[in-house]
Amino acid sequence: MAALCLGMLIFWTGAFLVVKDHQDSVTNRMGSIADHLKVPDSWVRLSQHIEREQHICFNDKSCPAFSRSWQADRVLHAEDLRQLARKAGWNLKFDGSCTRAVHATGFSRLCSATATIDGHRLSLYLDSPGADSDSVVRMSLSAEASS
């Protein structure tokens, strides 16, 4: 009986380690993709969030998912995002003008840009916290939906 229990313990420990290793490799791959986006040193990283791969994903969130956001050091425009994307080697499809509406108040999403990179959906967002405020850039990566 002790041998059976020991065998089961070894089996489940091995299975756990294999699954964890796979989950870590997926997360590391997403981090590697995200690291291609080289922002200026003067930008302040506001956040980074990693949602690890799971067997069941809750709250309509895709998993795995990876996000970062930065406060830029000035007001950014579409060409600024395009230049960052080009340097990262990404060909993004833009949606929106990346220009704040004259009568906009408060926080505004100015535009988004998307692409599929190595089987992951990449999105960049350009946000404006307020008129003439330094821009916020958000990046998210998620697993591309299987068809």
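We use all heavy atoms of the structure for the numbers below, so side chains are in, but hydrogens, waters and symmetry mates are not. If you're wondering where the values come from, they're calculated on a predicted model, not measured in any experiment.
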Chemist: Please find the pair of heavy atoms, one from V136 and one from P129, that lie closest to each other, and give the distance.
Modeler: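 So the two residues come closest at CG2-CG, 3.8 Å.
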Chemist: When rounded to the nearest 0.5 angstrom, what distance separates OG in S140 from CG in L122?
Modeler: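 The OG atom of S140 sits 7.0 Å away from the CG atom of L122.
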Chemist: Taking all atoms of both residues into account, what is the closest heavy-atom pair of L126 and C98, and its distance?
Modeler: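 Closest approach of L126 to C98, heavy atoms only: CD2-CB, 3.9 Å.
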Chemist: Any pair with a residue in residues 96-105 that passes salt bridge (Lys or Arg N to Asp or Glu O under 4.0 Å), sequence neighbours left out, goes on the list, sorted by first then second residue, please.
Modeler: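 Of all non-adjacent pairs touching residues 96-105, none passes salt bridge (Lys or Arg N to Asp or Glu O under 4.0 Å).
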Chemist: Can you name the nearest heavy-atom pair linking W90 to H36, along with the distance?
Modeler: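 Smallest interatomic distance, heavy atoms only, reads CZ2-CB, 3.8 Å.
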Chemist: Compare every heavy atom of T105 with every heavy atom of S108, then report the nearest pair and how far apart it is.
Modeler: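 Between these two residues, the closest heavy atoms are OG-O, 4.2 Å.
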Chemist: Looking at side-chain heavy atoms only, is the closest gap between L110 and L76 below 4.5 Å?
Modeler: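 Result no, sub-4.5 Å side-chain heavy-atom pair not found.
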Chemist: Can you tell me how far the CH2 atom of W43 sits from the CG atom of D134, to the nearest 0.5 Å?
Modeler: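 CG of D134 is found 10.5 Å from CH2 of W43.
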Chemist: With rounding to the nearest 0.5 angstrom, report the CG to OH distance, L81 to Y125.
Modeler: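 Those atoms lie 12.5 Å apart.
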Chemist: Suppose we screen for side chain to side chain donor-acceptor pair (under 3.5 Å). Which residues come up paired with Q71, at least two apart in sequence or across chains?
Modeler: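 Result, side chain to side chain donor-acceptor pair (under 3.5 Å) vs Q71: none returned.
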Chemist: Checking D35 now: which residues fulfil side chain to side chain donor-acceptor pair (under 3.5 Å) with it, not counting sequence neighbours?
Modeler: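 Listed in chain order: R68.
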Chemist: Please assess L141 against I33 for the test side-chain contact (heavy atoms from CB on, under 4.5 Å), listing each intermediate value before the final yes or no.
Modeler: CA-CA 9 Å; L141 277 161; I33 293 168; 3.9 Å; yes
Chemist: For S47 and S69: C-alpha separation, side-chain torsions, deciding distance, then whether side-chain hydrogen bond (donor to acceptor under 3.5 Å, both in side chains) applies.
Modeler: CA-CA 5 Å; S47 67; S69 63; 2.7 Å; yes
Chemist: Provide the closest heavy-atom pair for A85 versus L92 in the form atom of the first, atom of the second, distance.
Modeler: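 Smallest interatomic distance, heavy atoms only, reads CB-CD1, 3.4 Å.
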Chemist: Please enumerate all residues that pass side chain to side chain donor-acceptor pair (under 3.5 Å) together with R138, with sequence neighbours excluded.
Modeler: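 Expected list: D127.
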Chemist: Roughly how far apart are S32 OG and F66 CZ, rounded to 0.5 Å?
Modeler: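 One gets 10.0 Å once the value is rounded to the nearest 0.5 Å.
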Chemist: Who passes side chain to side chain donor-acceptor pair (under 3.5 Å) against S112, sequence neighbours left out?
Modeler: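 With neighbours one apart ignored, the set is empty.
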Chemist: Please report the closest heavy-atom contact between A78 and S97, naming both atoms and the distance.
Modeler: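 Taking A78 first and S97 second, the nearest heavy atoms are CB-O, 4.2 Å.
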Chemist: Please list all pairs meeting salt bridge (Lys or Arg N to Asp or Glu O under 4.0 Å) that have one or both residues in residues 72-85, counting only residues at least two apart or in different chains.
Modeler: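 Only R74-D80, E79-R86 qualify under salt bridge (Lys or Arg N to Asp or Glu O under 4.0 Å).
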Chemist: Using the rule that Ile, Leu, Val, Met, Phe, Trp and Tyr join whenever any side-chain heavy atoms are under 4.5 Å apart, tell me whether W70 and I50 fall into a single cluster.
Modeler: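 Yes.
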